[in-house]
Amino acid sequence: MKLTIAMPKGRIFEEAVELLRAAGYQLPPEFDDSRKLIIDVPEENMRFILAKPMDVATYVEHGVADLGIAGKDVMLEEERDVYEVLDLKISRCHLAVAGLPNAKAVSVAPKVATKYPNVASKYFREQGEQVEIIKLNGSIELAPLIGLAERIVDIVSTGRTLKENGLVELARIQDITSRLIVNPVSYRTKDQFIDDMVERLSAVIGES
Ligand code: PRP
């Protein structure tokens, strides 16, 4: 039996590979410098697929990957039929509302730009504030600078992007870490393999 794992390309990737190696998985050097999208690791009976972070849960939900590593931000934005089995405690960051300092209040439905329209809608609804959500796919910090939106909802990690663009954090929405997610069918049919992985990862996950 082989296990297919969907890994998020980009920021989370390195930390996720480091965690798997710490848990004793022998991952080949291809993981460190390759453009390959599928990496087979026959020694571990594993196959890795490298997907865009926003797409990891899609592969897992459709069962073409048994497992995946996905940010909690993505899980909150798109409700998926997958199990979230472990907080990997890597790629710590938070979702926040940000904007220009001393921006003038707009009376009717101020605009909020974000990559997370569902998260942002829910947040402002809970706050009892009516806003207009504008969906962007990246470089969200540009929106208030160029006048597209008064505020943004985005991930803040080091805070550098906000600072270097003269923006300030206005509210903290939620802390975010990466999670191990599992396809519900795989969870039943490959339970031993998955339990073993959860156990090995749990043993090396930081408590910080
Ligand atoms: C993310 C996020 C912020 C930035 C925060 O963007 O959307 O822009 O990182 O990180 P910092 O607080 O450490 O500066 P990413 O680089 O993933 O690219 P994107 O703009 O395409 O979303």
Side-chain angles (χ1 to χ4, degrees), residues 5-20 31-37 48-60 65 68-80 84 87-103 110-124 126-127 129 131-181 205-206 208:
I5 305 177
M7 297 280 278
K9 286 204 287 183
R11 282 177 188 244
I12 307 176
F13 185 73
E14 266 179 46
E15 276 186 84
V17 168
E18 200 180 307
L19 189 67
L20 287 165
F31 273 86
D32 305 311
D33 180 27
S34 168
R35 295 274 169 123
K36 272 195 175 178
L37 298 174
F48 289 83
I49 60 173
L50 275 52
K52 281 276 178 194
M54 283 277 189
D55 295 336
V56 165
T58 307
Y59 290 96
V60 176
I69 293 179
K72 183 68 185 175
D73 52 335
V74 177
M75 302 307 295
L76 289 169
E77 178 60 25
E78 299 182 16
E79 281 177 19
R80 297 290 191 170
E84 199 183 295
D87 182 350
L88 300 172
K89 299 188 178 169
I90 55 170
S91 305
R92 276 178 195 280
C93 53
H94 63 277
L95 274 165
V97 182
L100 285 165
N102 315 315
K111 295 188 182 109
V112 174
T114 185
K115 222 171 7 181
Y116 305 94
N118 293 325
V119 171
S121 299
K122 182 166 179 273
Y123 174 78
F124 286 105
E126 283 168 3
Q127 300 295 308
E129 200 182 335
V131 298
E132 181 187 339
I133 305 288
I134 298 177
K135 165 84 169 36
L136 290 177
N137 293 302
S139 302
I140 315 298
E141 292 81 358
L142 194 52
L145 303 179
I146 200 78
L148 177 67
E150 283 76 33
R151 281 173 287 175
I152 61 170
V153 166
D154 200 15
I155 287 290
V156 178
S157 177
T158 60
R160 248 188 93 187
T161 310
L162 289 182
K163 194 156 183 258
E164 291 189 13
N165 290 291
L167 299 171
V168 291
E169 190 171 319
L170 303 169
R172 193 179 181 105
I173 300 179
Q174 180 160 348
D175 288 339
I176 301 292
T177 50
S178 299
R179 309 297 163 103
L180 185 68
I181 58 171
I205 289 171
S208 60

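In each ligand, atom 1 is the first atom listed, and ligand 1 is the first ligand listed. Only this structure's heavy atoms are used, side chains among them; waters, hydrogens and symmetry mates stay out.
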Colleague: Regarding ligand 1, does V156 bring an N or O atom to under 3.5 Å of one of the ligand's N or O atoms?
Modeller: no
Colleague: Any salt bridge linking K72 with E84? Criterion: basic side-chain nitrogen under 4.0 Å from a carboxylate oxygen.
Modeller: yes
Colleague: Counting each atom of ligand 1 from 1 as listed, which ones have a heavy atom of T158 under 4.0 Å away?
Modeller: 11 (P), 12 (O), 13 (O), 14 (O)
Colleague: Please list the nearest protein heavy atom to atom 22 (O) of ligand 1 with its residue and the distance rounded to 0.1 Å.
Modeller: K115 NZ, 2.4 Å
Colleague: Show me which atoms of ligand 1 lie under 4.0 Å from any heavy atom of G159.
Modeller: 11 (P), 12 (O), 13 (O)
Colleague: Going through the checks in order, is the side chain to side chain contact (heavy atoms under 4.5 Å, CB included) test met by F48 and V17?
Modeller: CA-CA 11 Å; F48 289 83; V17 168; over 6 Å; no
Colleague: Give the residue and atom name of whichever protein heavy atom lies nearest to atom 21 (O) of ligand 1, and the separation in Å to one decimal.
Modeller: G138 CA, 3.6 Å
Colleague: Determine, counting only non-hydrogen atoms of the protein, whether one lies under 4.0 angstrom from atom 19 (P) of ligand 1.
Modeller: yes
Colleague: Within the 4.5 Å heavy-atom criterion, are I69 and L88 side-chain neighbours or not?
Modeller: yes
Colleague: Looking only at heavy atoms, what is the nearest atom pair of L100 and G166, with distance?
Modeller: CD2-O, 3.8 Å
Colleague: Within the structure provided, determine whether P110 and R151 are in side-chain contact (heavy-atom separation under 4.5 Å).
Modeller: yes
Colleague: Are side-chain heavy atoms of I176 and L76 found at a separation under 4.5 Å?
Modeller: yes
Colleague: For ligand 1 and T161, I'd like to know whether there is a polar contact (N/O to N/O, distance under 3.5 Å).
Modeller: yes
Colleague: Specify side chain, backbone, both or neither for D154, according to which of its non-hydrogen atoms lie closer than 4.0 Å to ligand 1.
Modeller: side chain
Colleague: Are there more than 12 heavy atoms of other residues, nucleotides or ligands under 6.0 Å from atom CD of E18?
Modeller: no
Colleague: Identify the closest protein heavy atom to atom 5 (C) of ligand 1: which residue and atom is it, and at what distance?
Modeller: I155 O, 3.4 Å
Colleague: Nearest protein heavy-atom contact for atom 16 (O) of ligand 1: which residue, which atom, what distance?
Modeller: R11 NH2, 2.8 Å
Colleague: Which atom pair, heavy atoms only, marks the closest approach of L170 to A98?
Modeller: CD1-C, 3.8 Å
Colleague: Numbering the atoms of ligand 1 from 1, which are under 4.0 Å from a heavy atom of S139?
Modeller: 19 (P), 20 (O), 21 (O)
Colleague: Within ligand 1, which atoms have a heavy atom of E141 less than 4.0 Å away?
Modeller: 3 (C), 8 (O)
